[in-house]
Every structure is written in C-alpha cells, then in structure tokens.
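Worth knowing before you read on, the calculation uses all heavy atoms, side chains too, and leaves out hydrogens, waters and symmetry mates.
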Amino acid sequence: MSGARMSAAAVQQVIDRMPFARSLGIAIVDVDSRLQTRMPYAETVVGNPRVPALHGGALASLMQIAAAAELIRVTGAAARPPRMFSITAEYLRSAVLEDTLATAAVISRSRRFANLRVELRQASSAERAIAAATVQFRLVD
C-alpha cells in the first residue's frame, strides 16, 4: 500500500468500479478536507414504506463503502482496494426518506489490518447520527 493520499475525485473513480456502489448512486465529496460519502434517496432503498424508513442493508452497504473510500483515500490503494473483514453496525434511529451522508475515520492501522469508524447522518437530524459502524479491513499486499 502506498502512502499517498488521494483526492475525492480519484476515490470516486475507484468506487465507481464497484457495481453495487454504482447502483446505490454513491458519490464521494470533499467537505472541508474531509471525505463524505453520499447515498441519494431512491425508492429502491426503502426498507419499510409503512414507517417509512430506508433499508438497513442499504445503510450497512453505505457504511462499508464509506469506510473503504476513506481507507483508499488514506492509503492510496486504488489498484487493489482493501477487503472487508468484518462490520459491526449500530442502528440508532430510523433513517427517513432523504439523502444519507457517511463520514469515516481510521481508528487504527497495522501492516495487515485497518479499523475504521463510520457515522451516518441526514439533513433532517444532522446533529444526531442515525447509524454507526466499526469496519475492519484486511489490507492487500
């Protein structure tokens, strides 16, 4: 893994190679020198139309992709993205039918593994996270 930090645009190119990320419409943006991963609202990610709330699987996928994007940005691993080893998701409140933003941060990193923490927020309740996760990756040599 190289140590060169990548731009949001370069990370977006890597994420665009992931078919599921493309199907979710994932966008990588740089906000005040922090990477944000955005999943736009779409009817295809509604889990329960009666509540109404976004699907937990779509939220977990967003957290996984956001963690991968941050790790790719930090390590410069565009050619061989890291492999997810485990994820522990915490659903804190219902995700309403609107765009969802994820921010991720590297908690620890060794030669073989990296741990990241991800939080999801929405505009209607930006001060409180709707979900969070700890994601562990196996770093590819």
Side-chain angles (χ1 to χ4, degrees), residues 1-110 112-141:
M1 302 244 155
S2 75
R5 285 185 177 253
M6 296 174 65
S7 69
V11 173
Q12 181 73 58
Q13 289 178 341
V14 176
I15 297 302
D16 284 344
R17 295 192 315 238
M18 301 174 183
F20 193 59
R22 279 196 321 268
S23 72
L24 290 175
I26 299 295
I28 307 296
V29 293
D30 189 343
V31 177
D32 298 328
S33 299
R34 288 214 39 149
L35 208 63
Q36 277 193 344
T37 306
R38 175 187 303 272
M39 181 179 70
Y41 165 72
E43 286 186 26
T44 56
V45 295
V46 174
N48 187 343
R50 289 184 184 171
V51 170
L54 299 181
H55 193 282
L59 298 175
S61 295
L62 173 59
M63 290 187 282
Q64 176 188 348
I65 293 165
E70 177 63 13
L71 192 54
I72 290 165
R73 181 183 76 89
V74 169
T75 62
R80 298 187 64 189
R83 295 185 203 142
M84 188 182 76
F85 186 75
S86 70
I87 184 170
T88 303
E90 304 158 24
Y91 298 98
L92 306 171
R93 58 194 43 80
S94 291
V96 297
L97 306 182
E98 63 186 42
D99 292 1
T100 307
L101 295 172
T103 55
V106 176
I107 299 170
S108 65
R109 184 172 136 204
S110 68
R112 291 187 177 171
F113 292 96
N115 292 293
L116 289 91
R117 185 72 178 159
V118 184
E119 286 192 354
L120 297 185
R121 297 184 188 275
Q122 294 181 308
S124 61
S125 61
E127 69 285 347
R128 297 171 50 198
I130 59 165
T134 301
V135 188
Q136 186 177 48
F137 287 91
R138 166 102 168 66
L139 301 176
V140 180
D141 295 329

Atom [atom1] of [X] and atom [atom2] of [Y]: how far apart are they, to the nearest 0.5 Å?
X: L62; Y: H55; atom1: CG; atom2: NE2; value: 14.0 Å
X: R73; Y: I15; atom1: CZ; atom2: CD1; value: 12.5 Å
X: T100; Y: M39; atom1: OG1; atom2: CE; value: 4.5 Å
X: E70; Y: I28; atom1: CD; atom2: CD1; value: 9.5 Å
X: L92; Y: R121; atom1: CG; atom2: CZ; value: 9.5 Å
X: N48; Y: L54; atom1: CG; atom2: CG; value: 11.0 Å

request  = Run the numbers on L97 and V46 for side-chain contact (heavy atoms from CB on, under 4.5 Å), then give the verdict.
outcome  = CA-CA 7 Å; L97 306 182; V46 174; 3.7 Å; yes
Minimum side-chain heavy-atom gap [X]-[Y] below 4.5 Å:
X: L120; Y: L101; result: no
X: R38; Y: I26; result: no
X: L116; Y: R109; result: no
X: S86; Y: V135; result: no
X: S7; Y: D30; result: no
X: E98; Y: S124; result: yes
X: S125; Y: I130; result: yes

Shortest non-hydrogen separation from [X] to [Y] and the atoms involved:
X: L139; Y: S110; answer: CD1-O, 3.3 Å
X: A67; Y: A104; answer: CA-CB, 3.9 Å
X: R34; Y: A105; answer: NH2-CB, 4.5 Å
X: Q122; Y: S94; answer: OE1-O, 4.5 Å
X: A89; Y: A133; answer: CA-CB, 4.1 Å
X: P49; Y: G47; answer: CD-O, 3.9 Å

task = For the pair T103 and V118, evaluate side-chain contact (heavy atoms from CB on, under 4.5 Å) and give the outcome as yes or no after the intermediate values.
result = CA-CA 6 Å; T103 55; V118 184; over 6 Å; no
request  = Scan for salt bridge (Lys or Arg N to Asp or Glu O under 4.0 Å) pairs involving residues 83-94, sequence neighbours excluded, and state none if there are none.
outcome  = E90-R117
side-chain contact (heavy atoms from CB on, under 4.5 Å) assessment of M6 paired with I72 = CA-CA 7 Å; M6 296 174 65; I72 290 165; 3.7 Å; yes
ask   = Are F137 and F113 close enough that their ring centers fall under 6.0 Å?
value =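 Ring centres of F113 and F137 not closer than 6.0 Å.
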ask   = Can you tell me if CZ on R22 sees more than 12 non-hydrogen neighbours from other groups inside 6.0 Å?
value =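 Atom CZ in R22 is crowded, with more than 12 foreign heavy atoms closer than 6.0 Å.
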task = Give a yes or no on whether the backbone of M84 and the side-chain of Q136 come within a donor-acceptor separation of less than 3.5 Å.
result =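 It does not hold such a pair.
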message = Has D99 got a side-chain atom pairing as donor or acceptor with Y41's backbone, closer than 3.5 angstrom?
response =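 Looks like yes, one N/O pair under 3.5 Å.
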request  = For Q64, enumerate each residue passing the side chain to side chain donor-acceptor pair (under 3.5 Å) test, keeping only those at least two apart in sequence or located in another chain.
outcome  =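 Result, side chain to side chain donor-acceptor pair (under 3.5 Å) vs Q64: none returned.
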